[in-house]
Every structure is written in C-alpha cells, then in structure tokens.
Amino acid sequence: MLSTQHDPIAAIATAPGRGAVGIVRVSGRGLAPFVRALLGRDLRAREATYLPIPDEHGQPIDHGLAIWFPGPHSYTGEDVLELQGHGGPVVLQLLLARCLAVALSGANQGQPLLPALRPARPGEFTERAFLNDKLDLAQAEAVADLIDASTEAAARSASRSLAGAFSERVHSLRDALIHLRMLVEATLDFPEEDVDFLQKADATGQLQRLQTALAAVRSQARQGALLRDGLKVVIAGQPNAGKSSLLNALAGAELAIVTPIPGTTRDVVQQTIQIEGVPLHVIDTAGLRDSPEVDEVERIGIERAWGQIAQADAVVFLHDLTRYDAARYQADDAAIAAALPAGVPVVEAWNKLDQCPGDTHTTLAAVAGPEGILLSAKRGDGIDLLRQRLLALAGWQQGSEGLFMARERHLQALSRVDAHLATASDLLAAQAEHLDLLAEELRLAQGALGEITGEFSADDLLGEIFSRFCIGK
C-alpha cells in the first residue's frame, strides 16, 4: 500500500448518478505544470475560478469551477485540484479521462507531466491525509462514519470525532500514561538514589485516576459505537402473533403484509428505525412452527428466521394474548424459548391487548410476568415502553451529549488498555519487586492507545480501514 503513496491520483469525488454538480479531484506533488497544461492558465490558491475546461482540441468539455489548493494547505497535504462541473456521469468521465490524458501528454521535452497519474483507490485521498499528518487515524475513520451516518445523532458524533474530540481524549490518557511511565523508568534507572520516585509522586493515585478517566472514555466509546452500528433486533414468535404488525408499528409505515393466514411472512423483512438517535435494525421473520401444514417455501423462511435469531443483538419474543391459555400454544412457545440462543437477550412481549377486553389487567399482567410487556401493535399500546426497553438492552444512556464516534476496534483497544492498567495496578502494590514488569505493562497500554490514533498501526490494518471508503474520498 505504501509503495504507491506518492503517485499522483485522480477520481470522481461525487456519488455515481446524475446531479446538479459533480467533482473531479486530483492530488499529488508538483501539480502546478499539470494544472497549467490542463486549463491553459495558472490558478490563484484557494480561489474558485469559473472557466471552460477544454478537451485536446481546445473545445470545452464543460464550463465550471476550478479550485487550486497548493500543498501542504489542502485536504491531503499535497497539491490538490478540484474541478466542479455539471453532475452528468458522461461529463465527469470525460473530465477524468482528460486529466489522465494531459498527464501523459508528452509536454516538457517529450516527458510526461505526471507519468504515474492513476485512478485513485477507495479512500486513498483520506489515506493521504492520514499519511501526511493532516488527520490521525480516528479522525480519518470519522470521515467515513460521517458519510455513512444513518441518524442525526450519529452524524453529529462523527463530526465531533472528525474535529478531534475522540483523539483529544485518547491523547489526554496517553499524556497521563507517559508521565506515569517516566516515574517508573526513573525508579528503574536510578535505584541507588535515596528518593522513592513512585511514592513521592503518588504513582498509585495517578494510576487510579488514569483508570477512572479510562473508564469514562470507554463508556462514551461504547455509546458512540452504538450510534454507529446500531442494534440488530429480531422479532420472533409463532405464526399470527402479530410480528409483521409490530414491525409496522415500530417503523410507522406499512412495510410488511399483514393477514390472518398463518405463514404470511415467508422471508425476512428488515427496516432501520431510530430511537433517540440510535439506529435499530428491526427484522420481521417467518412464524416459527413445526407442523405438517408447513410447505417448502415456508420451511425455508423458518430456517432463515432461526439464522437471523442466531445473529441478533436482541430478540423480541412475541406472544399472542388471545391464545395464552391454550395448552398447545403454551407448549409451542416453550419449545421456541428453549431453542433460543443462550447468549442473546430476549424481550418478552405480549401482543393483541386490544382483543382482550374481557380480561382484567391483573390477569394479563400475571400472564406477561414482571419483565413482560403488554402491547397492542394495532392500537400502539406499549410500543413506547418496548422502544425504551430495547434502548436499555443496548446499554444506551439518556442524555448522552457530546459523544464521539467509535468503532469496534477502538473498543477492543481500550479494553486492552484497561487490562494492562489493571495488571499494572497489581504490580505497583509490590513496587520494587516487579518494577520491570510494571514498566512493560504501562508500555503495552500506551501501545494499545496508539493504535486508536494510528501512532502504532500495521499496514494491513490501514489497508482494511481505507478500502471501505468510497472512491474519491
């Protein structure tokens, strides 16, 4: 990946399709002669210039804006040229092709202006920004998170991460950790001194404060990861329990077909909704049953339902209040409950409250149990309570303002930091006997923190991260 990092690159930076405006972006070192050959003139730095963009015969491909960003004062840290024209796919392809052709035009005594100009890989512009110290790795990831944000809260959190909120917290932890390492190393390097650096500097107190600060960052990171990834919620239950009606009620739209015929839903139906800014990927599944009436298509739907349940972050096990006293129904519900994966949280919900006018609330509450939710997908009773229960299950905390975006790899890195600091705390209690091990645990903790911002990153990790970006970003 790093062997081609200095090649000049070009790409269409706007999404595929037709639009009012489209952008072609070029980045590299020493682009000034290329810009002059392409546009027939020099451009003033960071000033939009309206002009024709000519083809090889001097005829305009398009009329638009050209903006010149000389490095290092650009997004990538290199020279950057942006051509903003009309957003038709043919026009943009012609502009990109013209840029590549001009680079190989043979100007300057028969030598190409930019012999290595090539189409950019996905995420390569942001990768250049990271490699040229315009962004750290957490900020670079926030660029993609901002583009992919599915809720307003996720977008705001990604924007805060892009502005450096997450990185600042990580750097604060790192600085405190470096200071603690300095004290330990000083004790190791000067054992003959009559000064106990660790005791005098309250190393134990510093480590405890560092662990407290880390716990706060981990808590916010978990919230940020939830905003980014959301929660996969599968609605499961017997046929005709009202699973499709519940999906429609949660989504506020008629997404799934609802009929009294058992087996109406034969495939998974998914909709992403948001509750307090948290994306929930709600999946309606085929009714779970073992009956001679099940045909081949419904059997496949049931198999897919169990597959979705196995991958769920939470399951809403939906029961039918109108059949709760039927022995066969209770037996089938018990069989489903026994087959649910042990590690998946389950919310017990009892539907069709609107069809039980003769039952007292006390009786129905006894059926549902203390943790069960009585609801009516048709009328909307209990839907808000179910939403709040799902948020609580996800670990969402009310009033989570100022969050930054985080990813699973960030959570794993912070978890490793916590483990190293916990070991360091145990070693610090023994002081002189294990100072070398204490110093190593603190070093490992700092290395795990550095992975978040990219201070210590393997090339394959960078390749994996940036390959998930869109082309032109």
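All values reported here derive from a predicted model rather than from experimental measurement.
Ring orientation note: the planes of F166 and H410 are nearly perpendicular, at an angle over 60° on the 30°/60° scale.
Shown here is E303, whose CD atom has more than 12 heavy atoms of other residues, nucleotides or ligands within 6.0 Å. Remark: R379 CZ is packed, more than 12 non-hydrogen atoms of other residues, nucleotides or ligands lying under 6.0 Å away. Atom NE2 of H86 is surrounded by 12 or fewer heavy atoms from other residues, nucleotides or ligands within 6.0 Å. No more than 12 heavy-atom neighbours from other residues, nucleotides or ligands sit within 6.0 angstrom of NZ on K378.
No side-chain heavy atom of D313 sits less than 4.5 Å from a side-chain heavy atom of V233. Looking at F469 and R121, their side chains never come closer than 4.5 Å, going by heavy atoms from C-beta outward. When side chains are defined from C-beta on, I283 does not count as touching Q311, because their heavy atoms never get closer than 4.5 Å. Side-chain contact check for L442 versus L177: some heavy-atom pair is nearer than 4.5 Å. Put simply, the side chain of F404 does not reach to within 4.5 Å of the side chain of L162, judged on heavy atoms. Side-chain contact between L81 and I67: absent, with no pair of heavy atoms (C-beta onward) separated by less than 4.5 Å. Residues L227 and W396 are in side-chain contact: their nearest non-hydrogen atoms beyond the backbone lie under 4.5 Å apart. Side-chain contact between L375 and L353: absent, with no pair of heavy atoms (C-beta onward) separated by less than 4.5 Å.
S157 places a side-chain N or O within donor-acceptor distance of the main-chain N or O of A153, the cut-off being under 3.5 Å. Side-chain N or O atoms of Q238 include one that pairs as donor or acceptor with a backbone N or O of Y329 at under 3.5 Å. Proximity of a side-chain donor or acceptor of D381 to a complementary backbone N or O of S376 within less than 3.5 Å is not detected. Although no hydrogens or angles enter the test, the distance criterion places no donor-acceptor pair under 3.5 Å between the side chain of T322 and the main chain of C356. Under the 3.5 Å distance criterion, the side-chain polar atoms of R160 are matched with a main-chain donor or acceptor of L403. Side chain of H281 to backbone of D229: a donor-acceptor contact under 3.5 angstrom is found. Side chain of D418 to backbone of L214: no donor-acceptor contact under 3.5 angstrom is found. With hydrogens and angles disregarded, a donor-acceptor distance shorter than 3.5 Å links the side chain of T14 to the backbone of I23. For Y75 (side chain) and V80 (main-chain N/O), no donor-acceptor pair under 3.5 Å exists by modelled atom type. Within the 3.5 Å criterion, the main-chain N or O of P89 finds no donor-acceptor partner in the side chain of R18.
Here the closest heavy-atom approach between residue D136 and residue S167 is recorded as OD2-OG, 2.5 Å. Nearest approach of P122 to S467, heavy atoms of both residues: CB-O, 3.8 Å. Listed here is the closest heavy atom pair of A249 and I383: CB-CD1, 4.1 Å. Across all non-hydrogen atoms, the minimal contact from I302 to G287 is CG1-O, 3.4 Å. Smallest separation of non-hydrogen atoms from I336 and G237: CD1-C, 4.3 Å. The minimum heavy-atom distance between G472 and A13, with the atom names listed, is O-CB, 3.6 Å.
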Discussion item. Applying salt bridge (Lys or Arg N to Asp or Glu O under 4.0 Å) to D202 and R209, what does each step give before you reach the verdict?
Written reply: CA-CA 11 Å; D202 187 25; R209 289 189 291 273; 3.7 Å; yes
Discussion item. E141 vs R228, test: salt bridge (Lys or Arg N to Asp or Glu O under 4.0 Å). Steps then yes/no.
Written reply: CA-CA 12 Å; E141 289 171 303; R228 178 182 184 272; over 6 Å; no
Discussion item. I'd like to know whether F466 forms a side-chain contact (heavy atoms from CB on, under 4.5 Å) with L137, so could you lay out the CA-CA distance, the side-chain angles of the two residues, the decisive distance to 0.1 Å, and finally the verdict.
Written reply: CA-CA 10 Å; F466 290 109; L137 193 54; 4.1 Å; yes
Practice prompt. Using the side-chain contact (heavy atoms from CB on, under 4.5 Å) rule, take Q412 and E451 through it: C-alpha gap first, then chi angles, then the decisive distance, then the call.
Written response: CA-CA 10 Å; Q412 292 177 1; E451 292 177 13; over 6 Å; no
Item to complete: Start with the C-alpha gap between Q139 and K134, add the side-chain angles, then the distance that decides, and say whether side chain to side chain donor-acceptor pair (under 3.5 Å) holds.
Response: CA-CA 9 Å; Q139 290 175 296; K134 305 296 288 186; over 6 Å; no
Practice prompt. Could you walk me through whether L65 and V21 pass the side-chain contact (heavy atoms from CB on, under 4.5 Å) test, one step at a time?
Written response: CA-CA 10 Å; L65 298 178; V21 177; over 6 Å; no
Practice prompt. Under the side-chain contact (heavy atoms from CB on, under 4.5 Å) rule, what do F125 and V26 come out as? Steps first, then yes or no, please.
Written response: CA-CA 9 Å; F125 289 95; V26 183; over 6 Å; no
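Distance check: W350 CH2 to D320 CG gives 9.0 Å after rounding to the nearest 0.5 Å. The CG atom of L414 sits 7.0 Å away from the CG atom of L449 when rounded to the nearest 0.5 Å. Note that CG of L231 is 11.0 Å distant from OG1 of T272, once rounded to the nearest 0.5 Å. Note that CD of E82 is 4.5 Å distant from CZ of R25, once rounded to the nearest 0.5 Å. Here N248 contributes atom CG and Q271 contributes atom CD; the two are 9.5 Å apart, rounded to the nearest 0.5 Å. For the atom pair I9 CD1 and C99 SG, the distance stands at 12.5 Å (nearest 0.5 Å).
K243 has no carboxylate O lying under 4.0 Å from a charged side-chain N of D284, or vice versa, which leaves the two without a salt bridge.
Exactly one of I471, L95, L92 qualifies for a side-chain contact (heavy atoms from CB on, under 4.5 Å) with I12. That residue is L92. Only one option out of R389, H319, E371 pairs with E348 in a side-chain contact (heavy atoms from CB on, under 4.5 Å); it is H319.
Between R169 and Q220, the side chains place a donor N or O and an acceptor N or O closer than 3.5 Å (distance only, hydrogens not considered).
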